[in-house]
Amino acid sequence: MIKKVNHIGFAVHSIDDTLKMLEKAFGTKELGRMEYPAMGQVSCLVAVGSSRYELMEPIGDKGVVPKFLANHGEGFHHISLLTDDLDQECADMEAAGIAITAKMGDTFFTHPKSTGGIVYEVTVR
């Protein structure tokens, strides 16, 4: 069962530039960064009030984020949802006709063509 929205993901050219704007405009605070070389990105989790955003910056020109930026420019990329049973959630979504594009450890992603144009990242904690 989905418990809540975990964060909203945005593809950006520069985490630092975007973070400066968000800090100035909204008082955003950086919570941490992680590099994902195999995915071609650096991710930065930020707090915006009681909500969280993930800023995703490309590393090189290979991976989801570089491709997304080339095709769509900066902006909204995905909604991350928390579940208490990842395997059941994945099975339920597939049974409902939702295509799963990737499964990685404690996370899976939906294909936007099967979810009204929105990528959902579903993770367990």
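All heavy atoms count here, side chains included; hydrogens, waters and symmetry mates do not. Here the structure is a predicted model, which means the values were calculated and not measured.
Residue I59 is grouped with residue L55 when hydrophobic side chains (ILVMFWY) are merged at heavy-atom distances under 4.5 angstrom, including chains of intermediate members. Side-chain heavy atoms closer than 4.5 Å link hydrophobic residues (I, L, V, M, F, W, Y) into clusters, and following such links, possibly through other members, connects V12 to M21. I8 and V42 end up in the same hydrophobic cluster when Ile, Leu, Val, Met, Phe, Trp and Tyr side chains are linked at under 4.5 Å. Cluster membership for V119 and Y36, using ILVMFWY side-chain heavy atoms within less than 4.5 angstrom, is shared. Residues I79 and F68 do not share a hydrophobic cluster, defined by chaining ILVMFWY side chains whose heavy atoms lie under 4.5 Å apart.
Aromatic ring centres of H7 and H78: separated by under 6.0 Å. Within the 6.0 Å centre-distance limit, the rings of Y53 and F10 are counted as a close aromatic pair.
Note that the SG atom of C90 and the NZ atom of K103 stand 3.5 Å from one another [nearest 0.5 Å]. Going from atom OH of Y120 over to atom CD1 of I2 covers 10.0 Å, rounded to the nearest 0.5 Å. Atom CZ of residue F109 and atom CE of residue M104 lie 4.0 Å apart, to the nearest 0.5 angstrom. The CD1 atom of I98 sits 9.0 Å away from the CD atom of E89 when rounded to the nearest 0.5 Å. One distance of note links CG of L81 with CD of E121; it measures 8.5 Å at 0.5 Å rounding. Distance check, rounded to the nearest 0.5 Å: OG of S43 to CE of M34 gives 8.5 Å.
Shown here for G105 and L86, the closest heavy-atom pair between the two residues is O-CD2, 3.8 Å. Across every non-hydrogen atom of P66 and G60, the tightest pair is CG-O, 3.7 Å. Here the shortest heavy-atom pairing between G97 and S114 reads O-CB, 3.9 Å.
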**Q.** Full working for side chain to side chain contact (heavy atoms under 4.5 Å, CB included) between H111 and I100
**A.** CA-CA 6 Å; H111 195 286; I100 306 302; over 6 Å; no

Q | Verdict with supporting geometry, T101 and T110, side chain to side chain contact (heavy atoms under 4.5 Å, CB included) | A | CA-CA 6 Å; T101 60; T110 65; over 6 Å; no

Q) side chain to side chain contact (heavy atoms under 4.5 Å, CB included) between K29 and V46: does it pass, once the steps are laid out? A) CA-CA 5 Å; K29 300 294 179 206; V46 299; over 6 Å; no

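Contact of the T28 side chain with the L19 side chain is registered, since non-hydrogen atoms from C-beta on lie closer than 4.5 Å. In this structure the side chain of C44 reaches within 4.5 angstrom of the side chain of E30, judged on heavy atoms. Contact of the E57 side chain with the T18 side chain is not registered, since no non-hydrogen atoms from C-beta on lie closer than 4.5 Å. Counting heavy atoms from C-beta on, the side chains of S80 and T123 come closer than 4.5 Å. Between I15 and Q41, the closest side-chain pair of non-hydrogen atoms is not below 4.5 Å.
Residue F26 qualifies as open at atom CZ: its count of foreign heavy atoms under 6.0 Å is 12 or below. For K3, the NZ atom sits in a packed shell: over 12 heavy atoms of surrounding residues, nucleotides or ligands are nearer than 6.0 Å.
A donor-acceptor pair under 3.5 Å is absent between the side-chain atoms of T115 and the main chain of G117, judged by distance alone.
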